[in-house]
Undergrad: 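My questions all concern the structure below.
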Amino acid sequence: MCAMPSAEKMPPTRAHQSVPEQAPQPVLPTKQDEVAAAGSELIGGPIGRRALLAMAWLTPVRVIALVAIGMFALGMVQKMPCYNGAWFVGASSQYTHACYSDIPHLYQGRGFADGLVPYFDKLPADVGMEYLEYPVLTGLFMQVAAWLTPGSGSIQHQEKFYWMVNAGMLMICTVIIAVCVTRIHRRRPWDALLVALAPAFALTATINWDLFAVALTALAMLMWSRGRAVPAGILIGLAAAAKLYPALLLGPLLVLCWRAGRWRAFWLAAGSAVGAWLAVNLPVMIRHDSAGFHIREGWAKFYTFSQERGVDFGSFWLILSQRMDDPLTTDTVNKLATALMILCCLGVAALALTAPRRPRLAQLVFLVVAAFILTNKVYSPQYVLWLIPLAALARPRWRDFLIWQACEVAYFLGIWGYLAFTTSGDAHKGLPTEGYQLAIAVHLLGTLYLCAVVVRDILMPERDVVRRTGEDDPSGGVLDGAPDVFVLGPAAHPPQQAAPDGAGSCVQWGTGSDRSP
């Protein structure tokens, strides 16, 4: 919060001329994080000063990419009981083995096995869905995998091959995500191990196609961190064309650019996002016939399905619905969920504009995406993939991250246990309704816990581990180190100790020490 003199206005001194500026050293979690230090004992203890001199090719990016591939492969191994037959035998076998995936079932269920074109060709009446209910770029991802799947052999063989092709493509997305998180915070590359080693990431990676949108979102945040607003906006637009949630990034960018007065960067990003989204959607969206231009029904299916979909797995709305004698209608839940989300966004905006120090971009993005998931009428197990990279950037502390991951793993087991219970008939194998409601509560509380510690870091910047090393916002791009121009509340009138004194010294938030300009 203190005003530092501009480097351009400072006359060069002999010290400035003779002493070259040294590159900042990477932050080692094993030196700062007790849990990371304890966990490192499994591989020989905390890293030493000379640890990698003999293996310089093992850079953090390469190590983390390899670890991410290894964990992804373990997640594929966990799906092997289903690959070997549980997807196709019995009603509950894929649930009792906790290895369910949408991917093989939708190969035939959404017309890919029959060569139907997504959004243009209607699905057979017995499918129960007229058109593919995914956004355009996800539909393209599914179609590319279908083109790579041989059309010969039994349908089960084709579905297994389709899942394997998708898994290979999603593994590429996983590497992209891990590398982006490694590079966004340049001084903290090892924080990306939170992503690479996240158990919920490995367990849910091949349930659906969410990793494609997550990879595009990670690339967008990397571009923004480098000050490249237009590429960041294009990637946000493409990510939103693959999944709806990446569009939420524009909200945190808006309030942070407002506080910092960086309007040009925001409008470049927002305009690029809208343009990219339109560029990939318009060719599928618009239909022309003798009566003129119309919105294609197949393109709109994702949006109408999202609106008409009832209360579903993982949400607190499901607990309410199962415990109410007269459950809320879908229309009522839509309105209440929208109102709650708007209130959460207003709360995050107020937090951003009144915090004692401008929040980091990753912190606000995490809070907004978490609010969207928590208030939504469905919280599918793979939605945790949206949050894992953001959590690693927003709160890179192993203890809090592992607490949250434990809650998510408990829910992962809980939902399949519940589905096993509901599909096993009189055998009642699995988790009954009350147990599943407890699993929902656990994973909702785990997400809320992580949100709470992020909010605490925003309100008490000295507790933010990223800022303890003297950095401002390494993921913020043009926001990093920018002075505030619009602040509300007490932050607009900082206490005396946070402002320059007569001698020109000031307190740097998060460093705990006085520094003189």
Undergrad: To the nearest 0.5 Å, tell me how far Leu448 CG sits from Trp404 CH2.
TA: 12.5 Å
Undergrad: Check ring pair (Phe, Tyr, Trp, His ring centres under 6.0 Å) between Tyr100 and all other residues, then give those that pass, not counting sequence neighbours.
TA: Tyr95, His105, Trp416
Undergrad: Is there a donor-acceptor contact under 3.5 Å from the side chain of Lys160 to the main chain of Pro104?
TA: no
Undergrad: Please state whether the rings of Tyr162 and Tyr107 are parallel, tilted or perpendicular, taking 30° and 60° as the class boundaries.
TA: tilted
Undergrad: Where is the tightest heavy-atom contact between Ala198 and Met71, given as atom of each residue plus distance?
TA: O-CE, 4.2 Å
Undergrad: Under the salt bridge (Lys or Arg N to Asp or Glu O under 4.0 Å) rule, what pairs show up with a residue in residues 133-145, not counting sequence neighbours?
TA: Arg110-Glu133
Undergrad: Between Pro252 and Leu361, which heavy-atom pair has the shortest distance, and what is it?
TA: CB-CD1, 4.1 Å
Undergrad: Can you list every pair that meets salt bridge (Lys or Arg N to Asp or Glu O under 4.0 Å) and has a residue in residues 360-373, with sequence neighbours left out?
TA: Arg360-Asp464
Undergrad: Are Ile440 and Phe313 close enough, and set up right, to give a side chain to side chain contact (heavy atoms under 4.5 Å, CB included), and what steps lead you there?
TA: CA-CA 9 Å; Ile440 294 176; Phe313 297 115; over 6 Å; no
Undergrad: Roughly how far, to the nearest 0.5 Å, is CE of Met142 from CD1 of Ile103?
TA: 8.5 Å
Undergrad: Quick one: sort the Tyr383 and Tyr379 rings into parallel, tilted or perpendicular, breaks at 30° and 60°.
TA: parallel
Undergrad: How many angstroms lie between atom CG of Leu367 and atom SG of Cys345, to the nearest 0.5 angstrom?
TA: 10.5 Å
Undergrad: I'd like to know if the side chain of Ser272 reaches the main chain of Ile234, judged simply by a donor and an acceptor atom lying under 3.5 Å from each other, with no hydrogens or angles considered.
TA: no
Undergrad: Between Asp473 and Arg358, is there a side-chain N and carboxylate O pair less than 4.0 Å apart?
TA: no
Undergrad: Checking side chain to side chain contact (heavy atoms under 4.5 Å, CB included) for the pair Met341/Val368: CA distance, chi angles, key distance, verdict?
TA: CA-CA 9 Å; Met341 180 58 186; Val368 170; 4.2 Å; yes
Undergrad: Can you give the donor-acceptor pairs under 3.5 Å from side chains of residues 453-461 to other protein atoms, not counting sequence neighbours?
TA:
residue	atom	partner	partner atom	Å
Asp457	OD1	Arg395	NH1	3.2
Asp457	OD2	Arg395	NH1	2.8

Undergrad: Less than 3.5 Å apart, which donor and acceptor atoms pair up between the side chains of residues 202-209 and the rest of the protein, not counting sequence neighbours?
TA:
residue	atom	partner	partner atom	Å
Thr204	OG1	Ala200	O	2.6
Asn208	ND2	Asp102	OD2	2.7
Asn208	ND2	Tyr134	OH	3.0
Trp209	NE1	Asn166	OD1	2.7

Undergrad: Which word best sums up how the rings of Trp267 and Trp263 line up, parallel for under 30°, tilted for 30 to 60°, or perpendicular for over 60°?
TA: parallel
Undergrad: Do the side chain of Tyr245 and the main chain of Phe372 share a donor and acceptor less than 3.5 angstrom apart?
TA: no
Undergrad: What salt bridge (Lys or Arg N to Asp or Glu O under 4.0 Å) pairs are there with at least one residue in residues 209-226, not counting sequence neighbours?
TA: Asp210-Lys243
Undergrad: Counting only N and O atoms by type, is there a donor-acceptor contact under 3.5 Å from the side chain of His443 to the main-chain atoms of Ala410?
TA: no
Undergrad: Under 4.0 Å between a Lys/Arg side-chain N and an Asp/Glu carboxylate O for Asp400 and Arg397?
TA: no
Undergrad: Do Leu387 and Thr447 pass the side chain to side chain contact (heavy atoms under 4.5 Å, CB included) test, and can you show the C-alpha distance, the side-chain angles, and the key distance before you say yes or no?
TA: CA-CA 9 Å; Leu387 292 176; Thr447 305; 4.1 Å; yes
Undergrad: Atom CG of Leu390 and atom OG of Ser475: how far apart are they, to the nearest 0.5 Å?
TA: 10.0 Å
Undergrad: Taking the six-membered ring for Trp and the single ring otherwise, decide whether the centroids of Phe141 and Phe212 are under 6.0 Å apart.
TA: yes
Undergrad: What's the shortest heavy-atom distance between Ala482 and Asp472, and which atoms?
TA: N-OD2, 4.3 Å
